[in-house]
Amino acid sequence: MPCSIMPELPEVETVVRGLQPFLSGAKIANVSTSQHKLRFPYPDDFMQCLIGFRFLNVGRRAKYIVADLDNENSLIIHLGMSGRISLVGNGQTISFDDYAYQTGAMSKHDHVTIDLIGTGGDEFSLIYNDPRRFGLLDLARTDKIHKSRHFAHLGPEPLDDEFTGAVLQSKIGKRVTPIKLALLNQEIVVGLGNIYVCEALHMAHIHPNRHANSLSVNEAALLVANSKQILRAAIAAGGSTLKDFAHADGTLGGFQNEFLAYDQTGKPCPSPKCKGIIERIIQGGRSTFFCGKCQK
DNA sequence: CTGTACTCCTGGGGGC
DNA sequence: TGCCCCCAGGAGTACA
């Protein structure tokens with residue numbers, strides 16, 4: 001399947017919302033893993049902490065999926081660059097929140113299978129698939145998860161009301177690194193990835209190469225407001241975008257057609273009245289897309 | 001402490 | 001058709 005989700009905050013949030021009704025209350029009957037290592041080794045007691053217990057609820061922190069269990073542990077899942085989660089029952093993929101990308105057939109990059117019994121007695125499996133294996137599954141004590149090795153250093157959630165321009169500026173401090181790289185740094189703010197950083201900077205008309213600490217109070221506030229706006233729009237569109245991924249021909253969903261700058265090299269800048277052209281540069285070894293005319 | 005370069009992987013696409 | 005090279009959502013680590 002040529003389709004892909006882009007696991008930044010909106011995509012993870014969409015997966016979480018889709019999993020929630022299926023996983024809540026479901027009992028884990030069995031767990032199996034492939035021979036391949038993911039980014040992080042499974043904990044020694046991975047199986048013992050999962051099998052026989054029930055999921056309580058599913059949530060999100062940064063780009064991590066957090067599924068709380070009824071044994072005071074939480075299952076932590078990160079999709080990395082290419083991780084996918086599917087639910088399969090009776091050999092058929094269950095379309096959860098319209099997110100379905102393949103049939104129930106096993107594929108070679110399936111790494112973790114969690115067999116479940118739903119509250120209605122129905123049997124199904126959660127399958128973690130990840131070709132590049134940059135993702136991870138781990139466990140943490142639910143009440144100490146914010147201090148766990150994965151979460152301890154994380155910055156504020158971008159959609160929290162407490163995340164303001166002033167907070168962004170205080171997290172940036174004296175850093176002179178390009179604002180693009182500062183926004184990708186999960187210690188400053190979580191959830192933003194390469195796509196939404198490009199989109200937010202374009203919307204705020206801020207040049208990606210600006211020193212992070214050079215933003216004015218107003219610019220920081222605008223950047224925060226626009227980040228929230230693009231993330232909320234992407235979450236709202238997430239379902240319909242992902243829905244299209246179920247198409248057998250692999251047609252991509254609609255959201256990438258709405259990108260202002262990301263992957264739009266050579267195209268006219270979509271800003272009103274702007275006659276600029278979207279350019280591509282490399283920052284921190286990764287592509288940045290922007291308009292040099294309206295992003296200052 | 002900051003900033004950067006590199007690393008882990010597979011697969012798709014373009015050029016020749 | 002088949003190489004070969006470049007590129008791709010993330011983020012930890014090492015090093016100047």
Kindly determine whether A:His207 and A:Phe290 satisfy ring pair (Phe, Tyr, Trp, His ring centres under 6.0 Å), including the steps that lead there.
CA-CA 7 Å; A:His207 196 290; A:Phe290 72 106; 4.6 Å; yes

Test A:Phe151 against A:His146 for ring pair (Phe, Tyr, Trp, His ring centres under 6.0 Å), laying out the working first.
CA-CA 5 Å; A:Phe151 290 7; A:His146 57 288; 9.1 Å; no

Are A:His150 and A:Phe40 close enough, and set up right, to give a side-chain contact (heavy atoms from CB on, under 4.5 Å), and what steps lead you there?
CA-CA 11 Å; A:His150 303 297; A:Phe40 201 80; 4.2 Å; yes

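No N or O donor and acceptor, one from the side chain of A:Arg286 and one from the base of C:dA8, sit under 3.5 Å apart. Judged by distance alone, with hydrogens and angles left aside, A:Arg132 brings a side-chain donor or acceptor within reach of the base of B:dC9, the pair sitting under 3.5 Å.
One can place CE of A:Met81 at 14 Å from C1' of B:dG12, the figure rounded to the nearest angstrom. Rounding to whole angstrom units, CZ of residue A:Phe40 and P of C:dG12 are separated by 10 Å. Between the NE2 atom of A:His36 and the P atom of B:dC9 there is a distance of 11 Å, rounded to whole Å. Counting to the nearest Å, the C1' atom of C:dA8 and the CD atom of A:Glu11 are 14 Å from each other. Atoms CG (A:Leu38) and P (C:dG12) sit 15 Å apart, rounded to a whole Å. For the pair A:Asn185 CG and B:dC1 C1', the interatomic distance rounds to 13 Å; values are reported in whole Å. Taking atom NZ of A:Lys108 as the reference point, atom C1' of B:dG11 lies 9 Å away to the nearest angstrom. A straight line from NE2 of A:His111 to P of B:dC8 spans 17 Å, rounded to a whole angstrom.
Searching all strands for a Watson-Crick or G-U wobble partner of C:dG9 with both distances below 3.5 Å returns nothing. Under the Watson-Crick or G-U wobble criterion, with both distances below 3.5 Å, B:dC9 is left unpaired in every strand shown.
The side chain of A:Ser82 contributes no N or O atom lying less than 4.0 Å from OP1 or OP2 of B:dG11. Between A:His109 and B:dG11, a side-chain N or O to OP1/OP2 separation shorter than 4.0 Å is present. In this structure, A:Arg175 reaches the B:dG3 phosphate: one of its side-chain N or O atoms is under 4.0 Å from OP1 or OP2. Dashed line: the shortest gap from a side-chain N or O of A:Ser287 to OP1 or OP2 of C:dC7 is not under 4.0 Å. Taking 4.0 angstrom as the limit, A:Lys63 places none of its side-chain polar atoms (N or O) nearer than this to OP1 or OP2 of C:dG9. OP1 or OP2 of C:dG9 has not a single side-chain nitrogen or oxygen of A:Tyr196 nearer than 4.0 Å. Distances shorter than 4.0 Å separate none of the side-chain N or O atoms of A:Lys180 from OP1 or OP2 on B:dG3.
Nearest to the side-chain atoms of A:Pro178 among the listed nucleotides B:dG11, C:dG9, B:dT4 stands B:dT4. Nearest to the side chain of A:Arg133, among C:dA8, B:dT10, C:dA11, sits B:dT10. Among the nucleotides B:dG11, C:dA8, B:dC8, the one closest to the side chain of A:Tyr262 is C:dA8. Proximity note for A:Pro7 (side chain, C-beta onward) versus B:dC9, C:dG9, B:dG3: the nearest is C:dG9.
Between A:His202 and A:His205, the ring planes are tilted. Angles from 30° to 60° get that label.
In this structure, A:Asp138 pairs ionically with A:Arg149, as a charged nitrogen and a carboxylate oxygen lie closer than 4.0 Å. Between A:Glu187 and A:Lys171 there is no salt bridge, since none of the side-chain N atoms of the basic residue sits less than 4.0 Å from a carboxylate O of the acidic one.
If you take atom P in C:dC3 and the same atom in B:dC9, they sit 24 Å apart, rounded to whole Å. Of the P atoms belonging to B:dG11 and C:dG12, the separation is 25 Å, rounded to the nearest Å.
Nucleic acid contact for A:His153: sugar-phosphate only, since backbone atoms but no base atoms lie under 4.0 Å from a heavy atom of the residue. Within 4.0 Å of A:Gly80, counting heavy atoms only, lie sugar-phosphate atoms of the nucleic acid but no base atom.
When each of A:His78 and A:Ile282 is assigned the nucleotide of DNA chain C bearing its nearest heavy atom, the one mapping closer to the 5' terminus is A:Ile282.
In terms of modelled atom types and a separation under 3.5 Å, the side chain of A:His211 and the main chain of A:Asn213 share no donor-acceptor contact.
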